[in-house]
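Here is the structure we will look at.
These numbers come from the heavy atoms of this one structure, side chains and all, not from hydrogens, waters or symmetry mates. In what follows, chains are A, B, ... by sequence order, proteins preceding strands, each numbered from 1. Just so it is clear, the model here is predicted, and its values are computed rather than measured.
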Amino acid sequence: MSALLIRDLRLAFRAGGGFGLGLGFFLILAVLVPLGVGPDQSTLGLIAPGILWVGALLACLLSLDRLFALDFEDGSLDLLATSPIPMEGVVAIKALAHWLTTCLPLALAAPLLGVLLNLPITAYAALLLSLLIGTPALSMIGAFGAALTVGLKRGGLLLSLLVLPLYVPTLVFGAQSVTRAAQGLDITTPLALLAGITAGSLALLPFAAAFALRINLR
Amino acid sequence: MMPDLGAYTTEIVSAYLASLSLLGVLICWIWLRARRVKRALAQVETRLKRKTHG
Amino acid sequence: MASLWEYANPVKFMKVSGFLLPLTAVLATASIGIGLVWGFFFTPDDFRQGSTVKIIFLHVPSAFLAINAWAMMLVTSLIWLIRRHHVSALAAKAAGPIGATMTLIALMTGAIWGQPMWGTWWVWDPRLTSFLILFLFYIGYIALWSAIEDPDTAADLTSVLCLVGSVFAVLSRYAAIFWNQGLHQGASLSVAPGERMDWAYKGPLYLCMTGFVLLFLALVLAGTRTEIRARRMQALTARERAQERGAG
C-alpha cells in the first residue's frame with residue numbers, strides 16, 4: 001500500500017502532475033475577492049474566514065477529476081482491482097495522496113493569505129487547525145464523487161455539482177470555527193463537530209467509493 | 001367573486017399562480033414524455049413483429 | 001396472500017399502475033381543487049399573518065413532499081441495491097424531478113410569503129437554507145441519472161449517491177441550525193403543544209396535503225411507467241442491432 005502511495009505522490013509532483021495548481025488558484029482567489037469587494041479593511045476582516053474556507057474548498061475541487069481518471073484510462077485501475085489490496089484501501093490511499101498534494105499545502109498557505117484579507121490576529125491558529133482537521137473530509141468526499149463520475153467523458157462539471165452540496169457541513173463547521181475565533185469566542189464545539197464529520201467520512205465513504213468504482217469497472 | 005385579500009393580493013395571487021404553473025409544467029413534461037416514449041415503443045414493437053413474421 | 005415483491009415485476013407493475021394511475025390522478029385533482037378553492041376563498045384572515053396565511057395551503061404540502069420524495073427515493077434505492085428490482089430503481093428516477101419541483105414550489109411560496117411578513121424575500125434561515133441545499137442535492141441526483149448511459153450502472157451509482165446524500169443532507173440540516181438560529185416558525189402541523197393551528201385552516205390544509213400526496217403518487221406512477229417503456233425500448237433496439245450484426 002505504501003508503494004501505491006509513493007507512486008501517486010511521485011506522479012503528482014512530476015511535471016504535468018498538476019501540483020501547485022490548486023495553490024495558485026487559492027492565491028488568485030484571495031487576490032480577486034478584495035478587488036471585487038473593495039479595499040475596506042474591516043469588511044475584509046469580517047469575510048476573511050468564509051473566503052479562505054470557500055477558496056480552500058474550490059481549490060481542493062480542482063484536482064479531483066484526475067484522482068481516478070488517469071488510472072481508469074490506462075487500465076491500471078483494473079490491475080489495482082485484481083490486486084490483493086482491497087478497493088477500499090485503494091480509495092483511501094488515493095484520497096490520502098490527494099490530501100497530501102493538494103489540501104495540506106492549501107492549509108499551510110491559508111494563514112499567509114489571511115494576512116492579505118486582514119484576518120483578525122486571534123483567528124490564525126483556528127484557521128490552520130480547522131483546515132488541518134477539516135480538509136481530510138474534503139479529500140474523502142471528493143474521492144467518492146470522483147469514483148461516481150470516473151467513467152464519464154465530461155465528468156468534471158458533474159463532479160462539482162455532486163460534490164459541492166456534500167461539502168456543506170464541512171464548510172459550515174470549518175468556517176464557523178474561524179469566525180468564532182475571530183470574535184474571541186470558544187471554538188471547541190465547531191472543531192469537535194468538524195472532527196466528527198472528518199472521522200465519519202473517513203470511516204464510511206471508502207466503502208461507498210469502492211462500491212462505485214467496482215460498478216464503473218464492471 | 002374575488003375574496004378580499006387586503007394589502008396582500010399581489011403576493012397571494014402570485015404565489016398561487018407560480019405554484020400552479022410550476023405544477024402544470026411538471027405535469028405537461030411528464031405527460032408529453034410518456035406519450036412520446038409510448039409511441040416510440042409501439043413503433044419498435046411493430047417493426048420487430050413484422051421482421052419476425054414477414 | 002401474494003407477496004409485495006410481486007409488484008416489482010415490470011409486467012405486473014404496468015398492469016396494476018395502469019389501473020391505479022387514473023384513479024390517483026382523479027382523486028388528486030379533486031382534493032387539490034377543492035382544498036385550494038376552500039383555502040383561497042373560504043378561510044378567514046389570520047389575526048397576525050392577515051390574508052397571507054392562505055399561502056400555507058401550497059407551502060406546507062409541497063415542503064412535506066419535498067422531504068418525503070427524497071425519503072421515497074432513499075427507500076427505493078435501497079430496495080434496488082438489496083433486491084435488484086428494476087421497477088424500484090426506475091421509480092426513484094421518476095421521483096427525482098417531482099421532488100425537485102416540490103422543493104422549488106416550497107421555496108418560491110416561502111419567499112413570496114416572507115416578503116410581506118419578514119420584510120424580505122430571502123433570509124439565510126436554517127430551514128430555508130436546508131431546503132435550498134436539498135434542491136442542490138436533487139439537481140445533482142438528476143444530473144447523474146442523465147449523464148450515464150448504461151441503465152444498470154446509472155441505477156447503481158445514483159442509488160449510492162442517494163444514500164450518501166441522505167446522510168449529508170441531514171448533516172447539512174444540523175449544520176444550518178448551528179450556523180444560524182432562525183426566523184422560521186416551528187412545524188405548522190405538529191402534535192407538540194404550543195402554537196396550534198385553528199381548525200378553519202386545518203380542514204383545507206389536510207385536504208391539500210392529501211391531494212399533493214396523491215398527485216405525487218400519480219406522477220411517480222406515470223413517470224415509472226414511462227421509464228419502464230423506455231427501458232424496454234432500449235433493450236429491444238439493442239437486441240435488434242445484435243441480430244442484424246449476427247445476420248450480416
Side-chain angles (χ1 to χ4, degrees), chain A residues 50 134 137 140-177 179-180 189-194 196-198 200-201 203-218, chain C residues 70 74 77-78 80-82 84 89 96 100 103 124-126 128-182:
Chain A
M140 198 56 241
I141 296 169
F144 168 66
L148 280 180
T149 54
V150 71
L152 298 170
K153 285 200 185 58
R154 276 169 300 144
L157 199 60
L158 181 66
L159 175 66
S160 29
L161 201 62
L162 296 181
V163 164
L164 283 176
L166 298 174
Y167 277 173
V168 169
T170 319
L171 170 68
V172 168
F173 293 129
Q176 274 297 308
S177 43
T179 312
R180 287 185 187 204
T189 316
L191 273 187
L193 290 167
L194 187 65
I197 288 191
T198 301
S201 308
L204 298 177
L205 281 178
F207 295 96
F211 182 77
L213 269 186
R214 278 193 214 104
I215 291 161
N216 271 324
L217 287 173
R218 209 162 46 193
Chain C
W70 188 277
L74 176 61
S77 297
L78 274 174
W80 159 252
L81 285 178
I82 296 168
R84 316 298 291 181
T103 316
W124 287 95
D125 159 277
L128 277 70
T129 311
S130 359
F131 258 74
L132 195 60
I133 296 168
L134 181 64
F135 186 63
L136 298 180
F137 275 106
Y138 273 118
I139 291 183
Y141 180 82
I142 297 167
L144 188 62
W145 258 113
S146 57
I148 305 170
E149 268 176 47
D150 180 65
D152 275 6
T153 308
D156 278 329
L157 293 180
T158 49
S159 296
V160 184
L161 178 67
C162 184
L163 294 191
V164 174
S166 305
V167 176
F168 277 87
V170 173
L171 282 177
S172 306
R173 168 97 184 92
Y174 288 103
I177 293 174
F178 178 83
W179 172 70
N180 187 1
Q181 312 295 338

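- Expressed to the nearest 0.5 Å, how far CG of Leu148(A) lies from OG1 of Thr153(C) amounts to 12.0 Å.
- With respect to chain C, the highest number of heavy-atom pairs below 4.5 Å among Pro190(A), Gly151(A), Ser201(A) belongs to Pro190(A).
- Chain C forms the most heavy-atom pairs under 4.5 Å with one residue out of Gly145(A), Ala147(A), Pro169(A), and that residue is Pro169(A).
- Take Asp150(C) and apply the salt bridge (Lys or Arg N to Asp or Glu O under 4.0 Å) test, not counting sequence neighbours, and it matches no residue.
- Residue contact with chain C, scored on non-hydrogen atoms closer than 4.5 Å, involves the side chain of Leu158(A) exclusively.
- For chain C, no part of Leu204(A) is nearby; none of its heavy atoms comes within less than 4.5 Å.
- Heavy atoms closer than 4.5 Å to chain C are found in the side chain of Ile141(A), but not in its backbone.
- Contact annotation for residues 211-218 of chain A against chain C (heavy-atom separation below 4.5 Å, listed by residue number): Phe211(A), Ala212(A), Ile215(A), Asn216(A), Arg218(A).
- In this structure, no portion of Ile142(C) lies under 4.5 Å from any heavy atom of chain A.
- Neither the backbone nor the side chain of Thr179(A) comes within contact range of chain C, judged by heavy atoms closer than 4.5 Å.
- No other option in Leu171(C), Ile139(C), Asp152(C), Asp156(C) has as many heavy-atom pairs under 4.5 Å with chain A as Asp156(C).
- Residue Phe144(A) touches chain C through its side chain alone, counting heavy-atom pairs closer than 4.5 Å.
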Worked verdict on Leu136(C) versus Leu164(A) for side chain to side chain contact (heavy atoms under 4.5 Å, CB included): CA-CA 9 Å; Leu136(C) 298 180; Leu164(A) 283 176; over 6 Å; no
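- Residue Leu166(A) comes nearest to Phe137(C) through the heavy atom pair CD2-CE2, 3.4 Å, listed as atom of the first residue, atom of the second, then distance.
- When every heavy atom of Leu152(A) is checked against every heavy atom of Ala147(C), the shortest pair comes out as CD2-O, 3.4 Å.
- Scanning both residues, Leu161(A) and Ala143(C), for their nearest heavy atoms gives CD2-CB, 3.7 Å.
- Taking the side-chain contact (heavy atoms from CB on, under 4.5 Å) definition, one finds that Leu191(A) meets it with Leu129(A), Ser130(A), Ile133(A), Ser177(A), Ile187(A), Leu194(A), sequence neighbours left out.
- Of all heavy-atom pairs spanning Val172(A) and Ala175(C), the tightest one is CG1-O, 3.5 Å.
- In this structure Phe173(A) satisfies the ring pair (Phe, Tyr, Trp, His ring centres under 6.0 Å) test together with Phe178(C), sequence neighbours excluded.
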